[in-house]
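One structure below.
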Amino acid sequence: MAGFRSLLVLLLAFQSSCLGFRSPLSVFKRFKETTRSFSNECLGTTRPVIPVDSSDFALDIRMPGVTPKQSDTYFCMSVHLPMDEEAFVIDFKPHASMDTVHHMLLFGCNMPASTENYWFCDEGTCTDKANILYAWARNAPPTRLPKGVGFRVGGETGSKYFVLQVHYGDISAFRDNHKDCSGVSLHLTRLPQPLIAGMYLMMSVDTVIPAGEKVVNSDISCHYKKYPMHVFAYRVHTHHLGKVVSGYRVRNGQWTLIGHQSPQLPQAFYPVEHPVDVSFGDILAARCVFTGEGRTEATHIGGTSSDEMCNLYIMYYMEAKHAVSFMTCTQNIAPDLFRTIPPEANIPIPVKSDMVMMHGHHKETVNKDKTSILQQPKREEVLEQGDFYSLLSKLLGEREDVVHVHKYNPTEKAESESDLVAEIANVVQKKDLGQSDARESAEHERDNALLVRDRIHKFHRLASTLRPAESRVLSLQQPLPGEGTWEPEHTGDFHVEEALDWPGVYLLPGQVSGMALDPTNNLVIFHRGNHVWDGNSFDSKFIYQQRGLGPIEEDTILVIDPNNAAVLQSSGKNLFYLPHGLSIDKDGNYWVTDVALHQVFKLNANNKEAPLLILGKSMQPGSDQNHFCQPTDVAVDPDTGTIYVSDGYCNSRIVQFSPSGKFITQWGEESTESNPKPGQFSVPHSLALVPHLGQLCVADRENGRIQCFKTDTKEFVREIKHASFGRNVFAISYIPGLLFAVNGKPYFEDQEPVQGFVMNFSNGEIIDVFKPVRKHFDMPHDITASEDGTVYVGDAHTNTVWKFTSTEKMEHRSVKKAGIEVQEIKGKGSGGLNLGNFFASRKGYSRKGFDRLSTEGSDQEKDDDGSESEEEYSAPLPIPAPSS
């Protein structure tokens, strides 16, 4: 193999003088004319495939002569694997300079997001799962794989395309308008490799670095739940403010170093100092140390050079039969664990000024005095986050006059703010540490995760004791003259968490597309069986292309016992091609949509084989009164029987029908701007009726918002939109006083996690967020809730259904919508308490470790086998909206 690699280097070195060379090998004959339109300045790149011998070849992947016009431009380009059979990448050679390129990422996937020579990566990288194969930044040397190790591509399971992403941070080097051809050369072999390489990405998504803060830690940790992997290389990545990044395997309380490096040095894949194996049950942990000195405003995680990133790439290999190509960890499931992190993780690595690299044109130098400060932070100014969780939890857990204890006994009277501040000050200054209890609880993994979640909710309840009464004002909507509708409002603490003893998570049906509760509160699931919606499902005119498969031959509708997840009934075989939405009316009739058939069906509660009503024309997309185009959901008014259909992926409207199916009206139009107007939609994906208010709410999926309308006049009432939604809102469900929602998986480098939301319907404020403990959300496609607070979420990618239950008592009161102001809200206040802001306003305190405590929801474990994943396909694919 060494001879092969030497030959590869020679071929790459002389390819510019050998443009006339053509391979005699038959395997490459059909690619010998495969060329791309390159600039003349990109010599040597017109022939991407370079044969080495009968089994090996090189693949040159380069930007086709591009000139970015603005800083922080991300360009992508793709190369098809020049063979159908399985191959293995066994070596990489980068072709880039930090003078022009901030970083490069190489992905493997089955379908790139574009067929153009190159495109803006904002349009997407891949339309299916994108696996990171290689990362380079800052003049890094080549990555070397161990002997017998390769990244698997091609064949039945491997990637068919390589997609190169190049980030041009600062474009001052392009003032002469020259063409850039940065990229990477791959050495591939068709010889099977016994060990398969993969990438494990540990990445923070919610770190905030306050301006002027000397030391800020960003911690990441996840449980490992796969077959053993063997770590052989790592790479760290931050932007300007990163001082050191460290990664560890934690086993039985013992920390084993994976890698420890300054991100201001060349960001190569460095070999591990000692081999590290990671087995089922281990914890992978990483810490990035930042400084906010020199900044005038807070710095967040983001994709531009002025933002920050906290990434640890772990390159590993596994036995071929158990190999997983890409895994991620974006959470911190064990914050208390970091109290015992080795001291080296907190000490920046000295970097000589002549070794400091540049991010764009902003050159960073290391100040020795600042480094000294970083190494020895003042004790009274910095409090470790793990300590704070432990100490403040102890404080809150024992203070019944401050907050409910675990059994939620009623409080008698809250302390004054000054007394509370004084007591917290004692905690912050470490005058009563009391850490032993927390350390004992850390031995119990699951209990510890739940404890952390409970603490977060205690902080939210603490907020109501700190907020002055006059600031707890809620202005309610002024009703029209003569109206006086009462909206039940949940004003106490409301929290849901996964029912860990519910076995329904292991049902594993097909892609779960729709869910609803029947009149007896049984859960009904609508799934796709062995059919999958992918890039081959529809043509450019939205006509289903896989009709030859026939309808789904198994039962697509499952009635599930809500207590033990037993399948009580099943139906719907040989009726549907691509199931989507499901709702159930007051009489128990099922209303379902099929995006392949472009139809809506009403099925009898007892005889679901023969539809009672069919709307739309089979396999005929359209936009008139008699046609739909990939309809998504149905809502039926319980009082009038009026039918509302959200239509859909290729129409942007809500269609209203009479109970007998007669067209009445429609409203809505496609949104074409970055700030869509009321009544404009980009995939109206889910519906929720609020009957007593006469409102219909719509999950405007690709616009990342919820719109509500009056059912009688179709008048826009309001929009509910939060930054934590991210770019998508997939589904919504309403029960009196509460609105539930699930968002979509974040795009690469987006901050917002995929999760569920509980909102106060009166004001739209988020009062809780939730995630599962078992498995993880990948594409939560539908959500349904019962009036007792039980919530079900179905995922179309993991083919999983979760049950979440209310764990805290709810206070209910009725507030007449007559323009009144509520002077006091018991329980959780809207917005939550940001302890970073709270302490930053008091002299002598640092906000370090406190900002994270204002985050919503629970820090729960993620089953880290996911990667950047496709959205559900429509044809053509929708262009992602720019991030806010």
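Predicted model only: the values in this text are computed from it and were never measured.
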Walk me through it: do T784 and L523 pass the test side chain to side chain contact (heavy atoms under 4.5 Å, CB included)? CA-CA 9 Å; T784 188; L523 175 66; 4.1 Å; yes
Do [X] and [Y] meet the criterion of a side-chain donor-acceptor pair at a distance under 3.5 Å?
{"X": "K775", "Y": "T798", "value": "no"}
{"X": "E669", "Y": "Q680", "value": "yes"}
{"X": "D555", "Y": "S570", "value": "yes"}
{"X": "N703", "Y": "S682", "value": "no"}
{"X": "N131", "Y": "S325", "value": "yes"}
{"X": "Q546", "Y": "N536", "value": "no"}

Tested for side-chain contact (heavy atoms from CB on, under 4.5 Å) against N589, the lone hit among L612, D518, L613, L603 is L612
Out of the candidates D624, N626, V655, only one should pair with F663 under the side-chain contact (heavy atoms from CB on, under 4.5 Å) rule; please name it. V655
Are D647 and T632 packed together at the side-chain level, in the sense that at least one heavy-atom pair is separated by less than 4.5 angstrom? no
Test side chain to side chain donor-acceptor pair (under 3.5 Å) on T330 and T328; report intermediate values, then the result. CA-CA 7 Å; T330 60; T328 60; 5.8 Å; no
Please name the pair of heavy atoms, one in [X] and one in [Y], separated by the smallest distance, quoted to 0.1 Å.
{"X": "A635", "Y": "L696", "value": "CB-CD1, 4.1 Å"}
{"X": "K160", "Y": "G158", "value": "NZ-O, 3.2 Å"}
{"X": "A596", "Y": "Y577", "value": "CB-CB, 3.7 Å"}
{"X": "A499", "Y": "T805", "value": "CB-CG2, 4.1 Å"}
{"X": "C697", "Y": "I706", "value": "CB-CG2, 4.1 Å"}

Does the side chain to side chain contact (heavy atoms under 4.5 Å, CB included) test come out yes or no for Y792 and I525, once each step is laid out? CA-CA 10 Å; Y792 299 90; I525 298 172; over 6 Å; no
Within the side chain of [X], is there an N or O that forms a donor-acceptor pair under 3.5 Å with the backbone of [Y]?
{"X": "K803", "Y": "W502", "result": "no"}
{"X": "S646", "Y": "G648", "result": "no"}
{"X": "D633", "Y": "V645", "result": "no"}
{"X": "R653", "Y": "S623", "result": "yes"}
{"X": "D539", "Y": "I543", "result": "yes"}
{"X": "D594", "Y": "F576", "result": "no"}
{"X": "H527", "Y": "P509", "result": "no"}
{"X": "H80", "Y": "Y161", "result": "no"}
{"X": "T593", "Y": "P631", "result": "yes"}
{"X": "R705", "Y": "H722", "result": "no"}

Calculate, to the nearest 0.5 Å, the distance between atoms [atom1] and [atom2] belonging to [X] and [Y] respectively.
{"X": "N728", "Y": "E752", "atom1": "CG", "atom2": "CD", "answer": "10.5 Å"}
{"X": "T556", "Y": "F526", "atom1": "OG1", "atom2": "CZ", "answer": "5.0 Å"}
{"X": "I766", "Y": "S724", "atom1": "CD1", "atom2": "OG", "answer": "3.5 Å"}

Under the side-chain hydrogen bond (donor to acceptor under 3.5 Å, both in side chains) test against Y649, which residue among H598, H580, E702 passes? H580
Ring pair (Phe, Tyr, Trp, His ring centres under 6.0 Å) against F716, all qualifying residues, sequence neighbours excluded: F709
Could you label the plane-to-plane angle of the Y227 and H322 rings as parallel, tilted or perpendicular, counting under 30° as parallel and over 60° as perpendicular? parallel
Criterion ring pair (Phe, Tyr, Trp, His ring centres under 6.0 Å) against W802, the qualifying member of Y506, F770, F777: F777
Charged tip of R718 within 45° of F761 ring normal and under 6.0 Å: yes
Inspect the contact between E498 and R774 and indicate whether a charged nitrogen and a carboxylate oxygen are less than 4.0 angstrom apart. yes
